[in-house]
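So the structure is just underneath, and the comments pick up after that.
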Amino acid sequence: MAERAPSIVILTGAGISRESGLATFRDADGIWAKLRIEDVATPEAFARDPVRVHAFYNARRAQLRDAAVQPNAAHRALAELDARWPGELLLVTQNVDDLHDRAGSRRLLHMHGELMKARCLHCGAVRPWAQDLATATPCPACGRAGGMRPHVVWFGEMPLEMERIGEALEGCGLFVAIGTSAQVYPAAGFVAEVAGRARTVELNLEPSAATGHFDEAIHGPATELVPRFVEDLLRRWG
Ligand code: APR
């Protein structure tokens, strides 16, 4: 009897988008090397200076509209895995960019929200949003102004869809972390949650803070490691 294809949970971070031209957060040239989290990525920052927070996300949203920023071979390999994997699969990304979506991943979840969506604080409506946002922007659902914010999870806020993530981790036989420094929880704790009952693999440019928790850690650029890893999986199970 052929062995069943294991259920896979993949966690990605900013490193998978680095070779598409998007900065990571904690590398030497990262976003937090230039800006302070408490100035642009907390509810308190938004309450204190919404213009500055909107400017931060408007600049990152504008970069995503740049034709030079495209999904790379790692995003594309994960989309192919999504399309061809015979077992269960969930791609949990910490990234707010839309590169996994544009590469074609379907079984995908943005636990830190999405840069290309906006949410109204008055009515809660979430809408696709590719342009600039400002405090005066009226909500397309309720018409009121003054309440539109990026649909991203700030520090101090609960990540999205944690129940769905917990269920996927519960049943997975293979957990792969790609391009994340494992410095931010709850995502950084996922590997410890599955250790012992799932095979765990880290694909990262360099050892992360959680490298010691993984059964296997392969280091190098995502555009080299991920296509090879996917090819091996599909050769065995596809
Ligand atoms: N290929 C693979 N990995 C890479 C590459 C690359 N080309 N370039 C960088 N990396 C690795 C770095 O070595 C680092 O370990 O990607 C990781 C990026 O780590 P961070 O910048 O901390 O990004 P991330 O782990 O996604 O941050 C998690 O922190 O600021 C919050 O909400 C933000 O979602 C983000 C969260």
Side-chain angles (χ1 to χ4, degrees), residues 3-18 24-26 72-97 99-101 103-112 153 158-238:
E3 220 181 325
R4 262 161 54 92
S7 157
I8 304 180
V9 174
I10 301 161
L11 172 70
T12 60
I16 201 169
S17 298
R18 184 72 194 82
T24 62
F25 292 96
R26 293 172 185 82
N72 62 48
H75 298 105
R76 290 195 300 272
L78 292 184
E80 186 189 1
L81 182 65
D82 182 292
R84 293 176 50 193
W85 188 247
E88 285 177 50
L89 179 145
L90 181 64
L91 170 50
V92 179
T93 187
Q94 300 173 88
N95 300 340
V96 292
D97 66 56
L99 297 179
H100 283 307
D101 312 71
S105 284
R106 294 277 168 274
R107 295 182 275 183
L108 165 64
L109 182 164
H110 286 267
M111 67 180 288
H112 290 166
V153 176
M158 267 303 285
L160 308 177
E161 303 209 56
M162 285 304 293
E163 203 174 311
R164 187 172 161 212
I165 295 170
E167 284 160 12
L169 290 172
E170 190 63 40
C172 83
L174 173 60
F175 176 78
V176 190
I178 304 171
T180 181
S181 67
Q183 308 263 345
V184 174
Y185 286 79
F190 291 167
V191 61
E193 220 174 302
V194 302
R197 54 182 167 76
R199 179 175 155 234
T200 56
V201 181
E202 174 177 85
L203 305 179
N204 207 55
L205 191 63
E206 61 204 7
S208 77
T211 289
H213 287 284
F214 287 87
D215 299 320
E216 209 179 334
I218 310 166
H219 299 129
T223 55
E224 281 173 32
L225 301 187
V226 180
R228 201 180 307 151
F229 185 79
V230 166
E231 204 180 303
D232 291 350
L233 273 180
L234 290 173
R235 188 180 313 114
R236 180 163 175 213
W237 303 95

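Because the structure is a prediction, the values reported are computed rather than measured.
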Any M111 side-chain heavy atom under 4.5 Å of V153 side chain: no
Residue pair L108 / D82, side-chain heavy-atom distance below 4.5 Å: no
Short side-chain donor-acceptor distance under 3.5 Å, H100 and S17: no
Considering all heavy atoms, the nearest A79-G104 contact: CB-C, 3.8 Å
N/O donor-acceptor pair under 3.5 Å between N72 side chain and A74 backbone: yes
Contact check, side chains of L233 and I8, non-hydrogen atoms, under 4.5 Å: yes
Between OG on residue S105 and CD on residue E80, distance to nearest 0.5 Å: 11.0 Å
CG-CD distance between L203 and E224, expressed to the nearest 0.5 angstrom: 12.0 Å
Atom pair CD1 (I16) and CG (N204), whose distance is rounded to the nearest 0.5 Å: 10.5 Å
Approximate separation, where rounding is to 0.5 Å, of L11 CG and L90 CG: 10.0 Å
L78 and L91, any side-chain heavy atoms less than 4.5 Å apart: yes
Heavy-atom donor-acceptor pair, W85 side chain to L234 backbone, under 3.5 Å: no
Steps toward side-chain contact (heavy atoms from CB on, under 4.5 Å) verdict (H75, T12): CA-CA 10 Å; H75 298 105; T12 60; over 6 Å; no
Exam field: side chain R106 to backbone A83, donor-acceptor pair closer than 3.5 Å: no
Could you pull out all donor-acceptor pairs under 3.5 Å where a side-chain atom in residues 211-222 meets a protein atom, sequence neighbours excluded?
residue: T211; atom: OG1; partner: E202; partner atom: OE1; Å: 2.6
residue: T211; atom: OG1; partner: S208; partner atom: N; Å: 2.7
residue: T211; atom: OG1; partner: S208; partner atom: O; Å: 3.1
residue: D215; atom: OD2; partner: T200; partner atom: N; Å: 2.7
residue: D215; atom: OD2; partner: T200; partner atom: OG1; Å: 3.1
residue: E216; atom: OE1; partner: R199; partner atom: NH2; Å: 2.9
residue: H219; atom: NE2; partner: E202; partner atom: OE1; Å: 3.2

Lys/Arg N to Asp/Glu carboxylate O, R235 vs E231, below 4.0 Å: yes
Residue pair W237 / P6, side-chain heavy-atom distance below 4.5 Å: yes
Please output the side-chain donor-acceptor pairs of residues 162-179 that fall under 3.5 Å, not counting sequence neighbours, one pair per line with the distance.
residue: R164; atom: NH1; partner: E161; partner atom: OE1; Å: 3.3

CD (E88) with more than 12 external heavy atoms under 6.0 Å: no
Gap separating the CZ atom of R84 from the CG atom of L89, nearest 0.5 angstrom: 13.0 Å
Side-chain donor-acceptor distances from residues 185-193 under 3.5 Å, at least two apart:
none

Main-chain N/O of N95 paired to H110 side chain as donor or acceptor, under 3.5 Å: yes
